Amino acid sequence: MKRYVYTLLMIGIVVILFNTFSNRATRDLALEKSLIALLEQGEKEIDLSELTIFDWIKVELFPPYMHDEVIEETMDITFKGDNGNIDLFDCCFLLVFANDNYAVKTVMLPMHRIDSIRDERVLVGREK
């Protein structure tokens with residue numbers, strides 16, 4: 001009986017850990033640095049599909065003070081993971097990449113360099 005309870009307890013812990021840590025968006029610092037460098041060089045349009053090495057279907061750009069719930073509603077996904085504290089700070093935009101159901105990567109970009117997203121894959125830079 002002890003062995004049965006112990007096995008059920010271990011299965012429960014594994015399921016809880018898997019659910020907690022799976023499908024979490026991580027901040028892609030390498031992509032962030034590349035995008036900032038391109039924007040600093042004066043690039044006006046950046047095709048995100050050419051710079052990313054992970055799979056994604058949709059991307060959205062969110063302004064400061066945006067809560068995770070709004071990201072979920074806007075993109076029709078489940079958002080867990082690194083939001084860069086966008087809900088607290090007013091210095092950056094949050095770029096969220098997602099597959100069908102979950103956010104997969106996030107990138108923080110300075111507000112003064114970004115204008116918008118076009119054609120669901122092109123980041124449009126702002127004039128200096």
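Remember, it's a predicted structure, so these values are computed and weren't measured experimentally.
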Same apolar cluster (I L V M F W Y, side chains within < 4.5 Å links), Y65/M108: no
Residues D55, V104; criterion side-chain contact (heavy atoms from CB on, under 4.5 Å); working and verdict: CA-CA 8 Å; D55 293 331; V104 291; over 6 Å; no
C92 vs L109 side-chain heavy atoms within contact, under 4.5 Å: no
Taking every non-hydrogen atom, the tightest pair across F79 and A103: CD1-CB, 3.4 Å
Nearest-0.5 Å distance that lies between atom CE in M66 and atom CD1 in I71: 7.5 Å
N85 side chain to L88 backbone, donor-acceptor under 3.5 Å: no
Distance (rounded to the nearest 0.5 Å) between L51 CG and L38 CG: 6.0 Å
Main-chain N/O of L95 paired to T106 side chain as donor or acceptor, under 3.5 Å: no
pair R27-K105: side-chain heavy atoms closer than 4.5 Å: no
Check: K58 side chain, M75 main-chain N or O, donor-acceptor pair, under 3.5 Å: yes
Test item: I53 and L31 side chains (from C-beta on) under 4.5 Å apart, heavy atoms: no
Aromatic ring proximity, centroids under 6.0 angstrom, F62 and F93: no
Heavy-atom side-chain proximity of I57 to D100 below 4.5 angstrom: yes
Sub-4.5 Å side-chain heavy-atom contact between D68 and D87: no
Pairwise side-chain contact, P64 with M111, heavy-atom cut-off 4.5 Å (strictly under): yes
Euclidean distance, L39 CG relative to Q41 CD, rounded to 0.5 Å: 9.5 Å
T74 vs V96, side-chain contact (heavy atoms from CB on, under 4.5 Å): CA-CA, chis, key distance, verdict: CA-CA 11 Å; T74 302; V96 178; over 6 Å; no
Shortest non-hydrogen separation from P63 to I86 and the atoms involved: O-CG1, 3.5 Å
Heavy-atom side-chain contact between L94 and N83 under 4.5 Å: yes
Exam field: side chain K80 to backbone T78, donor-acceptor pair closer than 3.5 Å: no
